[in-house]
Protein chains: 2
Amino acid sequence: MTDRVVPPTARQRRRPTKQGIVLSEELIVETAMRLIEEHGAEALSVRRLGRALGADPSSLYRYFRHTDDLMLAVADELIGRTLRIWRPTGYWRADLRDLGLRMHAGALAHPRAAVLSSHRVTGRDHEIQAVETIIGVLRDAGFPDAEAVRIYHAFVDQALAFAALDSASTALPRPAREAEAAVWRATYARLPADTHPHIAATARHLMTDMPRSSYPMALDLLLSAAAARLAEIRDGTDT
Amino acid sequence: MTDRVVPPTARQRRRPTKQGIVLSEELIVETAMRLIEEHGAEALSVRRLGRALGADPSSLYRYFRHTDDLMLAVADELIGRTLRIWRPTGYWRADLRDLGLRMHAGALAHPRAAVLSSHRVTGRDHEIQAVETIIGVLRDAGFPDAEAVRIYHAFVDQALAFAALDSASTALPRPAREAEAAVWRATYARLPADTHPHIAATARHLMTDMPRSSYPMALDLLLSAAAARLAEIRDGTDT
DNA sequence: ACCTTATGACAACACCGTTGACCTGTTAAC
DNA sequence: GTTAACAGGTCAACGGTGTTGTCATAAGGT
């Protein structure tokens, strides 16, 4: 290995693969996202990606230092796509609710990117734009700076965290999912009321609620708590 | 492969490994947890676990059908340990806050178990006990059944989701973590106010808040939203 | 003492990420 | 045009992974 690492943006001398395709960072990221969306997150490997691109796996290391680097590029593209289809209305709570649901939906297919982008800073364009936008919504709504940052942080992490969590269950093959439901019925729905009164009393609700994602509920709770804080702040300031 | 699968609880004929140790489900789970806690979640592999136990890796498949099965056993043991050191005081909000923090802390070292236990039902003792306990706290506080289940679900998933998310950053080696902080300083702290006014205005807060886990904030938001709902419910019922 | 069989061991399969060495087409300079 | 440099694609290998088919043997019941 001489340098191998990535020359940044200006590549010249692009030579086509044996199979005739010309690599580029965008093409690689697009192909990776397509593979993930079509065959699930765990179906992405450097070798499979190389095969899909018609290139030797090791070629990709001319563009990304490791797989994490590639996933960070995927994450930034994901942020970009999400922001692009989001239209703020000016009502902060509705806007954040919409954005949260969109982030969750987008990240659901890309859990690895979601986890990475929560603790790695890419410093890429889309990421910066997202931070600016969300903090802007909160500050414009009237949250003081420190509070805006804390709510921003909880909001983003919650969307990403639930997406990563929920992706594990949506990735489960259908028969396995039905097996899970069967365990619920076989175990929890049959616990006697004298040893497990609370489960027995709520078994009906458990069986309908547990197979669904709890993210919408968690999001609404977060937003209404934020609204309550904002009301307090306004009262305290105005009066 | 004849049957291989797991004979349930009653094993007879236990024969020691070549290195003289006698396997058992508990010993395997304990050893797995020890390995994870000592060397990180990604350090656990069937082969390493076998080595640590003084057994051939394939022997473990007499006790667990796949790695997920093992992780589910780890998850149940984790729930057990967490519940065991938790002492409810009777104040639902304080109790749930304490439990949430403990679950988060416990699962932080076992992210894979956390993710699995959120969407796979083990039906094991500790899991059942945890469900009964938490729903009990909520119902005793006065939440109606449907609401208690929804809040339970959001509460548990939030603790597990943030644990899985946060574990990725705590697992990061120290130099890498410092590199992240450097990116924050180099990129976000220097964005000019005319193009990125909100980031510029809050840069100071971002730099102190972002490296920390947002789970405590998210937990408090969830609990205060729940408290507000409870107050509404009580008012609506009483008056 | 024998027979059955549960259970541990072995070897193999098909993957994985990553890297050092090599080779060649493209480009820029002459 | 010719040539020389080198970016970037390719090859082969390393050391890992989960998992399974087959075999051998010690433990337990009779």
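Below, chains carry the letters A, B, ... as their sequence lines are ordered, and counting in each starts from 1.
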Carboxylate-amine/guanidinium proximity below 4.0 Å for Glu30(A) and Arg34(A): no

Lys18(B) side chain near dT25(D) phosphate (N/O to OP1/OP2, under 4.0 Å): no

Side-chain N or O of Tyr61(A) closer than 4.0 Å to phosphate OP1/OP2 of dG8(D): no

Nucleotide dG17(C), atom P - distance to CD of Glu42(A) in whole Å: 12 Å

More than 12 heavy atoms of other groups within 6.0 Å of Arg174(A) CZ: no

Carboxylate-amine/guanidinium contact Lys18(B) Asp56(B), below 4.0 Å: no

Residue Asp125(B) excluded, over 12 heavy atoms near CG under 6.0 Å: no

Charged N-O contact under 4.0 Å between Glu178(A) and Arg185(A): no

Sugar-phosphate only, base, or nothing, as touched by Ser59(A) at under 4.0 Å among non-hydrogen atoms: base

Base versus backbone protein contacts along nucleotides 11-16 of chain C [heavy-atom cut-off under 4.0 Å; B, S, -]: -B---B

Options dA9(C), dG8(D), dG8(C), nucleotide nearest the side-chain atoms of Arg62(A): dG8(D)

d(CG, Leu60(A); C1', dA7(D)) in whole Å: 16 Å

Sub-6.0 Å ring centroid separation between His104(B) and Tyr215(B): yes

